[in-house]
Amino acid sequence: MAAKKRLWEPFTKSLMDEVHRWGCMKQTGVSLKYMMEFGSRPTDRNLLISAQFLHKELPIRIARRAIELESLPYGLSEKPAVLKKCLLSQNSTLIDGHEVRDWYLDSFRDVRSFPDIKDMNDEKEFTQMIKAVKVRHNNVVPMMALGVQQLKKGMDLKIMYEDLDEIHQFLDRFYMSRIGIRMLIGQHVELHNPNPPPHCVGYIHTRMSPVEVARNASEDARSLCLREYGSAPDINIYGDPSFTFPYVPTHLHLMVFELVKNSLRAVQERFMDSDKVVPPIRIIVADGIEDVTIKVSDEGGGIPRSGLPKIFTYLYSTAKNPLDENADLGVADTGMMTMAGYGYGLPISRLYARYFGGDLQIISMEGYGTDAYLHLSRLGDSQEPLS
């Protein structure tokens, strides 16, 4: 109990009581369709309603994550101290001495201490405050990834993959909630843009071309491959460039970038010392009635059947880990800077797909290659998955 008390020391008992009270309240999910329709008229009245909604909703979501970060270690394994050290108590030289859990408590306190929002002056101040909250949490992904890497170092691999389902479930809930919090804040902030790009409602592009986004993401991934290996396979994209539907381009870019990056690495490493012609990566965009599906196909040798259940876990990566205790975490998207990493690309991409009612599936043929199917809900009426 002493260790637990020490973890919570900087925060008052009354704050902690309030965190637990708000963490028990019901969350309210919103859909892509609702965000788009509501945000299409960013009048003062609508901005005020949006801010008032966030003033009540954000503390509930933030409190739930803070509580989970507090209680995560207990009962997970016979080594709770290892988990606590790995996931909560990071080296003070890494990010200004802060811990992930402290960021959530600081953010909860900031939002809860803000007075009721009654007019547009209040709304503007509130918007600036939640912008700062979003920035505060920029480095959560690499920070948590570092914790998981430390966890991997200290535990038996067999135990880790078989018995740590709770870790994976926790991280799925944690990152899905983070996607939602950042989407809600970012959408509200972007509605204040006096000169939004054409066909954009906050973060949502009402006429997004998946072929165009796939092309941009592929070019970014290929540039990375060229930098890292000195050469890169070609990428062929098939689909109608004029086909559009409402979606969040930054989310799709992230997902396609990760899938193409994985394919490029697999093909590059398989054919690096070969005289054979390097086969291209193929991307097919299909527009169905319910879903828009993007297939990324490679001939990179595939994944063994025994490895397939692990590819969506946070403790699995076939690549050398780019992040260690001496890494500089000053860059918010450290994980996007290298060709391969700490096993986060696939599980987080699947969460982004599922956030708006889609999914990500991987089918592999060992000895040949892998097909990734990214399903995006075309209807946009799926509620956020909340837990």
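It should be emphasised that the depicted structure is a prediction, and the values quoted were computed from it without experimental measurement. Numbers here are sequence positions counted from 1.
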Q: List in chain and number order the residues that pass side-chain contact (heavy atoms from CB on, under 4.5 Å) with R222, two or more places apart in sequence or in another chain; answer none if no residue qualifies.
A: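 Here the qualifying residues are L226, A232, D234, I235, L264.
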
Q: Hey, does the side chain of S223 reach the backbone of E219 with a donor-acceptor pair shorter than 3.5 angstrom?
A: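 Side chain of S223 to backbone of E219: a pair is present.
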
Q: Using side-chain heavy atoms (C-beta onward) and a distance below 4.5 Å, is I362 in contact with F312?
A: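 Yes, side chains in contact.
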
Q: One pair to check against side-chain contact (heavy atoms from CB on, under 4.5 Å): H192 and E123. What are the steps and the verdict?
A: CA-CA 11 Å; H192 290 74; E123 191 277 333; 2.7 Å; yes

Q: Only pairs at least two apart or in different chains count here, so list each ring pair (Phe, Tyr, Trp, His ring centres under 6.0 Å) that has a residue in residues 117-141.
A: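 Found H55-F126, Y104-H137, F114-F126.
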
Q: Do M25 and I67 belong together in a cluster built from hydrophobic side chains that touch within less than 4.5 Å?
A: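 Shared cluster, yes.
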
Q: For H375, check ring-ring contact (aromatic ring centres under 6.0 Å, His included) against everything at least two apart and list the hits.
A: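 Result, ring-ring contact (aromatic ring centres under 6.0 Å, His included) vs H375: none returned.
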
Q: If two hydrophobic side chains count as joined below 4.5 Å and joins carry through other members, does L386 share a cluster with L184?
A: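 No, L386 does not connect to L184 through the hydrophobic network.
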
Q: How many angstroms lie between CD in E190 and CD1 in I185, if you round to the nearest 0.5 Å?
A: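 Rounded to the nearest 0.5 Å, the CD-CD1 separation comes to 14.0 Å.
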
Q: Within the structure provided, determine whether R64 and S177 are in side-chain contact (heavy-atom separation under 4.5 Å).
A: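 No, side chains not in contact.
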
Q: List the steps, then state whether side-chain contact (heavy atoms from CB on, under 4.5 Å) holds for V248 with Y352.
A: CA-CA 10 Å; V248 180; Y352 272 99; over 6 Å; no

Q: Looking at every heavy atom in both S364 and I303, which two are closest together, and how far apart are they?
A: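 Smallest heavy-atom distance, with atoms named: OG-N, 2.6 Å.
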
Q: Are M35 and M183 side-chain neighbours, meaning at least one heavy-atom pair lies under 4.5 Å?
A: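 M35 reaches M183 side chain to side chain.
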
Q: State, to 0.1 Å, how close E57 and T28 come at their nearest heavy-atom pair, and which atoms those are.
A: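 E57 and T28 have their closest heavy atoms at OE2-N, 2.9 Å.
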
Q: My understanding is that only residues two or more places apart in sequence, or in another chain, count here; which of them pass side chain to side chain donor-acceptor pair (under 3.5 Å) with R21?
A: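 Checked R21 against side chain to side chain donor-acceptor pair (under 3.5 Å); zero matches.
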
Q: What pairs of donor and acceptor atoms, side-chain ones from residues 279-292 against any protein atom, are under 3.5 angstrom apart with sequence neighbours left out?
A:
{"from": "R282", "atom 1": "NH1", "to": "E299", "atom 2": "OE2", "distance (Å)": "3.3"}

Q: To the nearest 0.5 angstrom, please state how far the CE atom of M176 sits from the CD1 atom of I348.
A: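 Between M176 CE and I348 CD1, I get 10.5 Å after rounding to 0.5 Å.
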
Q: Run the side-chain donor-acceptor check on residues 200-211: report pairs under 3.5 Å with partners two or more places apart or on a different chain.
A:
{"from": "Y203", "atom 1": "OH", "to": "K134", "atom 2": "NZ", "distance (Å)": "3.1"}
{"from": "H205", "atom 1": "ND1", "to": "R207", "atom 2": "N", "distance (Å)": "3.0"}
{"from": "H205", "atom 1": "ND1", "to": "R207", "atom 2": "O", "distance (Å)": "3.4"}
{"from": "H205", "atom 1": "ND1", "to": "M208", "atom 2": "N", "distance (Å)": "3.3"}
{"from": "T206", "atom 1": "OG1", "to": "H199", "atom 2": "O", "distance (Å)": "2.9"}
{"from": "S209", "atom 1": "OG", "to": "E212", "atom 2": "N", "distance (Å)": "3.1"}
{"from": "S209", "atom 1": "OG", "to": "P241", "atom 2": "O", "distance (Å)": "3.0"}

Q: May I ask you to check whether over 12 heavy atoms, not counting those of M365, lie within 6.0 Å of atom CE?
A: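 Not more than 12 within 6.0 Å, no.
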
Q: Suppose we screen for side chain to side chain donor-acceptor pair (under 3.5 Å). Which residues come up paired with R173, at least two apart in sequence or across chains?
A: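 Expected list: E68.
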
Q: Could you identify which residues cluster with I363, counting Ile, Leu, Val, Met, Phe, Trp and Tyr as linked when any side-chain heavy atoms lie under 4.5 Å apart, either directly or through a chain of such contacts?
A: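 Members alongside I363: Y373.
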
Q: Do C225 and P233 make a side-chain contact, defined as non-hydrogen atoms from C-beta onward lying under 4.5 Å apart?
A: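 Yes, their side chains come closer than 4.5 Å.
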
Q: Do you know the tightest heavy-atom contact between D119 and L48?
A: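 For D119 versus L48, the nearest heavy atoms are O-CD1, 3.5 Å.
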
Q: Sub-3.5 Å donor-acceptor pair from the side chain of S377 to the main-chain atoms of G357, do we have one?
A: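 No, S377 side chain to G357 backbone: no donor-acceptor pair under 3.5 Å.
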
Q: Considering non-hydrogen atoms only, spot the tightest contact between L379 and K33 and give its length.
A: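 Closest approach of L379 to K33, heavy atoms only: O-CD, 4.2 Å.
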
Q: What residues form a ring-ring contact (aromatic ring centres under 6.0 Å, His included) with Y368, not counting sequence neighbours?
A: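 ring-ring contact (aromatic ring centres under 6.0 Å, His included) list for Y368, sorted by chain: empty.
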
Q: Please report the shortest heavy-atom distance between S306 and K310, naming the atom on each side.
A: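 Here S306 and K310 meet closest at O-CE, 4.2 Å.
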
Q: Go through the steps to decide whether H253 and D220 satisfy the test side-chain contact (heavy atoms from CB on, under 4.5 Å), and finish with yes or no.
A: CA-CA 10 Å; H253 188 285; D220 287 352; 2.9 Å; yes

Q: Show every side chain to side chain donor-acceptor pair (under 3.5 Å) that has at least one partner inside residues 237-247, sequence neighbours left out.
A: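 Non-adjacent pairs meeting side chain to side chain donor-acceptor pair (under 3.5 Å): D240-S242.
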
Q: Do I62 and I179 share a hydrophobic cluster, counting only Ile, Leu, Val, Met, Phe, Trp and Tyr and linking them when any side-chain heavy atoms are less than 4.5 Å apart?
A: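 In one cluster with I62: I179, yes.
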
Q: List the residues meeting ring-ring contact (aromatic ring centres under 6.0 Å, His included) with Y355, not counting sequence neighbours, and say none if there are none.
A: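 Partners of Y355 under the ring-ring contact (aromatic ring centres under 6.0 Å, His included) test: none.
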
Q: Is the closest side-chain heavy-atom distance between D359 and R350 below 4.5 Å?
A: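 A side-chain contact under 4.5 Å exists here.
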
Q: Please say yes or no: joined through hydrophobic side-chain contacts below 4.5 Å, possibly via intermediate residues, are I49 and M36 part of one cluster?
A: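 Yes, I49 connects to M36 through the hydrophobic network.
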
Q: Would you call R61 and Q27 a side-chain contact if the rule is heavy atoms closer than 4.5 Å?
A: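 Side chain of R61 against side chain of Q27, heavy atoms only: contact under 4.5 Å found.
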
Q: With F38, which residues qualify under ring-ring contact (aromatic ring centres under 6.0 Å, His included), at least two apart?
A: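 Testing F38 for ring-ring contact (aromatic ring centres under 6.0 Å, His included), a comparison that skips the adjacent residues, returns Y34.
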
Q: Could you check whether any side-chain heavy atom of L252 comes within less than 4.5 Å of a side-chain heavy atom of I294, counting everything from C-beta outward?
A: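 Yes, side chains in contact.
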
Q: Where do F257 and L224 come nearest, in terms of heavy atoms and distance?
A: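 It is CZ-CD2, 3.8 Å.
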
